Structures are given as C-alpha cells and as structure tokens.
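Quantities reported herein were computed from a predicted structural model and do not represent experimental measurements.
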Amino acid sequence: MEFDDEAEHRRLFRVETNSPQRKAVFSLEQGGSLPVKTTKNTVIQSFKIVILSNKLNLLLPFGPLAILVHYLTDNKGWFFLLSLLGIAPLAERLGYATEQLACYTGPTVGGLLNATFGNVTELIISIIALKNGMIRVVQLTLLGSILSNMLLVLGCSFFCGGIVFSRKQQVFDKGNAVLNSGMLLIAVMSLLFPTLLHYTHSEVYAASSELVLSRSTSCIMLVAYAAYLFFQLKSQPSFLTESEETSDDDEVPEISKWEAIIWLLIFTAWVSLLSGYLVDAIEGASVSWNVPISFISVILLPIVGNAAEHAGVIMFAMKDKLDLSLGVAIGSSIQISMFAVPFCVVISWMMGEQMDLNFQLFETATLFISVIVVAFFLHEGTSNYFKGLMLILSYLIVAASFFVHQDPDQG
C-alpha cells in the first residue's frame, strides 16, 4: 500500500485485506514502526503456533507431573527437578509472547515491554519467595541471574561466535558496552555500601541504618534505571533501529495482538503457580541432594530459568549480531541488578518484610570481581572465542565456589 500524504504515516489505522482471515495493522505514530501484517488465527491454529511449533515445549508436561509428584510422594528432590524442567519452556514462551505483542507497539513501547517481561520469571519466583519470608533465596536467585547472564551467557555467545567466525574478530558497539559496564558498576556500588556498613559495624542506628540505606538506595536505583531506559529508547535510538533492521525477516507476527495478550496472561499465571511449588521445594531439595541452598539458588535456578534466552543470545552471535547478543545478556544483567533487586526491596517493604541490599560479603565480592572481569573484556569493543572461553571458565569458578559455600543465614 502507498501513502499520498506523509502525514498519514503518523496516524494509527487499520485496513482490511482481501482475505477475510488477514488484516494489515499499521502503527505509524511519530517515531513508530513500519506496517505490520498479522494473521487472525482460530483457537486451534493459535495453539499449534504457540505450543506445538517449539521443540522446547516438549518439557511442558513436566510442570503438571511435578505437581502430581508433590501430592503423591515426599521426594522433594524429584519434585524440584521436575519443576525446574517445567518452568524452562514457560520462560521461553513468555519471551515469545512479549516479542509478538511488541510487533504492534512500535520500538519505544516494545522496548518497555521487553524490559518489563524480559525477566518476569525471576520476578515471580522472587515475589512468591518474599511472601513466604524466604528473603535470602530472593537475594541469591537474583544474584545468580546476574552472574549467569554476565559470565555464562555472554561467554557462550563470544565462544560460539568466535568459533564460527574464527578468521576475524567480531566487533560490537564499544560506546554502548562501556555504558552498560558503568551501569553494572553502579549496581555493585549500591550493594557494596550496605554490606560494608554491616561488616564494619559503623551504623548510626544499630540494625536500622542498614535497612534505611537499602530502601533509599533502591528508590534511587529505580530512578536511575528509568533514566537508563529513557536514554536507550529515546535519546539514543540507533541501537533499537539497528535491532529492528537485523530482524526484518521476523517482523511479521505469527499471532494477533489479543492472542499475544491472552497467551502472555496464561503463561504468567502458569509460571506463578509452578513457581510457588518450586520455592517450597528448595530447602527440601537441598537436604535431599546434600547441596547448599546457595548453589541451588545462584547456579541451578538461573541456568534452567533462562535456558531458552541463552540459546537465543548464542544464535545472534553465530550470525555476527553481537550487539544484539550484548543487548540481551548484559541488558538482562542490568535489568535485574538495577530494576529487579531494588523492586523486590520496595515490594518487601510494602509487605512488611525487611529485605535489604546486604547480600553478604562473599556474594557481593563475587559480583564485584565478575563485573570487573566482564568490563575488561568489553572495553575494546571486540570479541573472540578466547574471551568467551575465559568468561565460561570464570563462571565455573563461581559455581565451584558456591558449591562449597555454606550461607551464614542457613548455617
């Protein structure tokens, strides 16, 4: 379709095509996206597209099976393992539904949607754990997601991309990488000060200064993350434009807007239900497997919960789209550290719980060193398989450390 007047591009309107099953949806607000076509599917067609088209969804039956095992046996280890396997495809489908919905909203709202739902699985698990008073599990799970994205996911993408393009150095936007490294260091600073305040015993008001500092710092972190989003989406839209251009082939959504919303609600509800059972089984699984809770929370939960996202990052790197890989891997780390962590502190405040930003000395030091390592590997704006291998090995060191680390709160 052609437009006679350029002003028509700034309106939102719909045009019915010849086929009764299809319509062209144009969201051409100022700064909006290109025309998007979509198919209006029946319920069966939508089910086939969303559920039957992805091989990872073969793990979906493990969710109901986990609930069945929960009520029929007392084996917390098997129940926890089945719950983990059941949540993995749900996390991936949540991302899929979000991407489909973002096709109808333009880059700005689409970016906000991805920022909101990108790590919704971790947020749901954290909120449920907060309701159960398991503050330490919340802290460790969020910490594990940050470490997993920074070291394991980014390392795998660098390594696989470097193997595929072994005869050249892959490059990415150095300026954006340095900016993201700075945001991660701000997150570390926000966690470091309450921890130092606790371990130096320098509180003005014993037992309350640390909590007050954490809550005020969390509010500042949320403001900083909002400013970061505004800067990325409005003031510096070049990265978003490049992301859209690199995904032109995938621009036509497979499901309609309302289908995406409905599936988003369904998957969110199912993740919430399964997460409740998962959180209840963490301590039992730790006893059953004779594995520290810190290892389960920091290593196992993030790896399984973000497995599908990890695969997507690696595929981008193997297509020489490293800016997209970094946008997901480092972007997710920033989202969790600058949004999810302070958000949970504020939510716990509303619930009457006392979650703070003191993640304990061992955990905070691990995060600090990991951010420094990643920042050094990013500052040149290039990647290769060796850098990827070093990040993967660094993650293995972290995993081994938490396997032998007894958390003082559960000692």
Side-chain angles (χ1 to χ4, degrees), residues 112 115-147 183-230 268-269 271-273 275-276 278-280 282-283 293-294 297-298 301-302 305 332-364 367-368 407-410:
L112 290 173
T116 304
F117 287 95
N119 292 289
V120 70
T121 305
E122 288 89 343
L123 280 175
I124 291 173
I125 292 175
S126 299
I127 292 172
I128 292 174
L130 282 176
K131 289 179 63 178
N132 293 349
M134 302 171 71
I135 293 175
R136 193 61 184 145
V137 170
V138 175
Q139 292 178 327
L140 293 174
T141 302
L142 294 175
L143 173 69
S145 293
I146 299 170
L147 294 172
M183 292 296 293
L184 289 173
L185 284 170
I186 291 175
V188 171
M189 180 181 71
S190 302
L191 301 182
L192 186 61
F193 289 153
T195 303
L196 291 176
L197 189 67
H198 174 80
Y199 282 95
T200 56
H201 305 287
S202 56
E203 300 99 326
V204 174
Y205 303 103
S208 62
S209 295
E210 184 182 326
L211 187 60
V212 171
L213 175 61
S214 297
R215 288 171 175 174
S216 58
T217 301
S218 295
C219 295
I220 295 171
M221 291 170 72
L222 291 174
V223 173
Y225 183 70
Y228 169 77
L229 281 182
F230 179 82
T268 301
V271 166
S272 301
L273 176 65
S275 297
L278 184 69
V279 168
D280 288 338
I282 289 178
E283 292 182 358
I293 290 180
S294 57
S297 301
V298 175
L301 279 176
S332 291
S333 296
I334 293 173
Q335 184 184 85
I336 296 167
S337 59
M338 294 295 293
F339 172 72
V341 171
F343 179 77
C344 286
V345 172
V346 173
I347 289 295
S348 71
W349 187 6
M350 296 177 180
M351 290 179 176
E353 300 288 345
Q354 294 189 350
M355 177 178 172
D356 55 33
L357 295 178
N358 175 16
F359 278 41
Q360 304 296 334
L361 190 60
F362 181 85
E363 289 78 1
T364 305
L367 178 63
F368 178 62
D407 190 75
D409 285 359
Q410 272 103 30

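The shortest distance between side-chain heavy atoms of Met189 and Leu185 does not fall below 4.5 Å. By the 4.5 Å heavy-atom criterion applied to side chains, Ser218 and Leu357 are counted as neighbours. Under the 4.5 Å side-chain criterion, counting only non-hydrogen atoms from C-beta, Gln360 is in contact with Tyr199. Using a 4.5 Å heavy-atom cutoff, the side chains of Phe359 and Leu143 are in contact. A 4.5 Å side-chain heavy-atom check between Met351 and Ile127 finds at least one atom pair inside the cut-off. Using a 4.5 Å cut-off on side-chain heavy atoms (C-beta onward), Ile347 and Glu353 make no contact.
The two residues Ile128 and Ser275 make their nearest non-hydrogen contact at CD1-CB, 3.7 Å. Of all non-hydrogen atoms in Met134 and Val279, the two that sit nearest each other are SD-CG1, 3.4 Å. When all heavy atoms of Leu142 and Glu122 are compared, the pair lying nearest together is CD2-CB, 4.5 Å. Closest approach of Asp280 and Asn132 over heavy atoms only: OD1-ND2, 3.2 Å. Of all heavy-atom pairs between Met183 and Ala224, the closest is CE-O, 4.4 Å. Minimum interatomic distance between Ser297 and Leu140 (heavy atoms only, all atoms of both residues): CB-CB, 3.5 Å.
One finds the CH2 atom of Trp349 at 8.5 Å from the CG atom of Leu211 (value rounded to the nearest 0.5 Å). In this structure, Leu213 CG and Thr195 OG1 are separated by 9.5 Å, a value rounded to the nearest 0.5 Å. Between Met355 atom CE and Arg136 atom CZ the span is 9.5 Å, to the nearest 0.5 Å. One finds the CD1 atom of Ile146 at 8.0 Å from the CG atom of Leu184 (value rounded to the nearest 0.5 Å). Distance check: Leu278 CG to Thr141 OG1 gives 8.5 Å after rounding to the nearest 0.5 Å.
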Can you give each donor-acceptor pair under 3.5 Å made by side-chain atoms of residues 336-343, sequence neighbours left out, with the distance rounded to 0.1 Å?
residue, atom, partner, partner atom, Å
Ser337, OG, Ser333, O, 2.8
Ser337, OG, Ile334, O, 3.3

Next item on the list: Please assess Ile135 against Leu130 for the test side chain to side chain contact (heavy atoms under 4.5 Å, CB included), listing each intermediate value before the final yes or no.
Entry: CA-CA 6 Å; Ile135 293 175; Leu130 282 176; 4.1 Å; yes
Next item on the list: Given side chain to side chain contact (heavy atoms under 4.5 Å, CB included), test Leu197 with Asn358 step by step and report yes or no.
Entry: CA-CA 9 Å; Leu197 189 67; Asn358 175 16; over 6 Å; no
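The backbone N or O of Asp356 lies less than 3.5 Å from a partner atom in the side chain of Gln139, making a donor-acceptor pair.
Other residues, nucleotides and ligands contribute over 12 non-hydrogen atoms within 6.0 Å of the CZ atom of Phe362.
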